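Since the structure is predicted, the reported quantities are computational estimates derived from the model, not experimental observations.
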Amino acid sequence: MSDRGVRRTVTQVPAQACDAASAGAGEVVPDGLAEPSSGTAGESVPGGSCEPSPDEPDAAASASPPPVSPPPVSPGAQRRAERVTAGATELEQRLADLLRGGLISAEQSGSALWEETAARMVDAQAPGLANRVRELGALAYAGAGAPVRLLEECALLHLLARAWLRRDRLPEPLAATVRSRVGLTASPEGPAIRDDWLVLAQYDTSDGHLTTRRIWLHGTASGRTALLLSYGAAGRAPDLTLPAGPTVDAELTPYPGAGQPRMALTERFGPPTPTTVRPPGTTTSGALARYGAALRDDPWRESVPVTLDRVVPVQDGDGWQLADADEDHALPVGAAARSRAGLWRLVALSGGAPVRVFGECGPRGFTPLAAWPQGPGEVVPLC
């Protein structure tokens, strides 16, 4: 397998996701993956836009969505919306000034430029915009590829600010996504889904102030893929714990938003139960198509949950690929995953044979989170 497959690089993934999504536009995507935090409010999608072909009609231009009555707004929410609008307008002007002066000026200005802009977004009660501005500050010093990444992120931040300013013209699911991305909190809303939820993976991230726990679940009957988020203060683990492998009889309620996988755990009806159930898998090309479809719903998505079936981890220079055993295609393993012990557990589990791998597929590659052997065997956590 070391010399077969189309070796995609991380710079090719976003464009090929768009191409795969266009080619598979008639393919029915399973519900849970068509609606894939985390999507959290501060997350981003570098290089994740799909432009229509010049020969194809623009669906958005040719067919206006039916008008949707906006939900009632309290006076407090109205005042906050006005502050966010003022912040988004100011951010638009700052981005225009940045691009007018050239991206090289961003590095010369140092971190003070980004911190001051982020502080202005916090004052505007738009923490999602503030988080993205801080990410721009980190990208300004990201090495040789910094200008390209910075331009991509500026474009997505501009898109988010413009979407907020024109949110009254958007279909309600997309408007809900925009509200979430700028940092406005929302409550889960029905209908609730009761299912035997297979726990796919659990892992924590920390920004120094807050620990975020992500738990991925697969509904064995509904086919939905769900994300549970829980939080803890810095240095403290969140309360919710669901180790990978068993199923949980539980009721989950979705959050609003287009392509939103996040749900709230409403009620549990028993302890976790061992199972031999595995999530259905797809090819690496199918994973790219699902990523592209998710970007149509939410251009700011950082990744989508995908299970790859019959893939083999293959070393490719200094990096690694997950190569299809039955097709000449492969996905690069993301840089962050290459530094974790989970990659070596995946390589040991495979031993050169195909395995099934669950993870997150995004513009910087695939992050493996759990794997199963081709034959009988329990899940192997990779995170």
Side-chain angles (χ1 to χ4, degrees), residues 1-21 23 44-50 135 138-153 201 203 205 281-292 295 301-374 380-383:
M1 292 295 301
S2 60
D3 59 354
R4 68 169 294 174
V6 176
R7 300 292 179 245
R8 298 184 177 96
T9 66
V10 293
T11 58
Q12 294 172 324
V13 169
Q16 292 186 345
C18 297
D19 293 342
S44 62
V45 190
S49 62
C50 298
E135 291 172 1
L139 285 175
Y141 311 97
V148 174
R149 292 286 307 280
L150 190 59
L151 182 59
E152 291 171 347
E153 290 298 332
Y203 68 96
T205 58
T282 186
T283 62
T284 58
S285 295
L288 288 177
R290 292 176 181 180
Y291 173 53
L295 290 179
R301 285 198 61 83
E302 185 177 56
S303 61
V304 294
V306 177
T307 301
L308 300 176
D309 192 22
R310 292 184 54 77
V311 291
V312 180
V314 176
Q315 196 164 15
D316 182 37
D318 295 333
W320 286 83
Q321 301 263 348
L322 294 178
D324 284 307
D326 306 314
E327 297 182 5
D328 289 333
H329 296 285
L331 276 177
V333 174
R338 295 199 298 267
S339 62
R340 299 173 185 165
L343 175 60
W344 301 110
R345 289 198 294 270
L346 175 60
V347 173
L349 176 68
S350 168
V355 291
R356 184 172 299 191
V357 184
F358 169 77
E360 297 171 349
C361 181
R364 303 303 162 195
F366 188 88
T367 301
L369 300 176
W372 296 260
Q374 190 63 28
V380 176
L382 305 176
C383 54

Using 0.5 Å steps for rounding, measure from the CH2 atom of W344 to the CH2 atom of W320. 5.0 Å
In short, P332 meets Q321 closest at the heavy-atom pair N-OE1, 3.4 Å
Are the side chain of S339 and the backbone of A336 linked by a donor-acceptor contact shorter than 3.5 Å? yes
Work out which heavy atom in A337 is nearest to a heavy atom in L343; give both atom names and the distance. O-CB, 3.8 Å
For residues C361 and L331, report the shortest heavy-atom separation together with the two atoms involved. SG-CD1, 4.2 Å
When rounded to the nearest 0.5 Å, the distance separating CG of L308 from OG of S285 is 10.5 Å
Residues forming a side-chain contact (heavy atoms from CB on, under 4.5 Å) with A201, sequence neighbours excluded: F358, L369, C383
From T283 OG1 over to D326 CG, what is the distance, rounded to the nearest 0.5 angstrom? 10.0 Å
Identify the two heavy atoms, one from L346 and one from A371, that lie closest to each other, and give their separation to 0.1 Å. CD1-CB, 3.7 Å
If you measure from CZ on R290 to OG1 on T282, what distance do you get to the nearest 0.5 Å? 4.5 Å
Hey, does V333 have a side-chain heavy atom less than 4.5 Å from the side chain of P313? no
Residues T284 and D324: side-chain donor-acceptor under 3.5 angstrom: yes
Got T367 and S303 here, is their nearest side-chain heavy-atom distance under 4.5 Å? no
Going by salt bridge (charged side-chain N to carboxylate O under 4.0 Å, His left out), name the pairs with one or both residues in residues 341-358, residues two or more places apart or in two chains. D309-R356
By salt bridge (Lys or Arg N to Asp or Glu O under 4.0 Å) - contacts of R340 (at least two apart): none
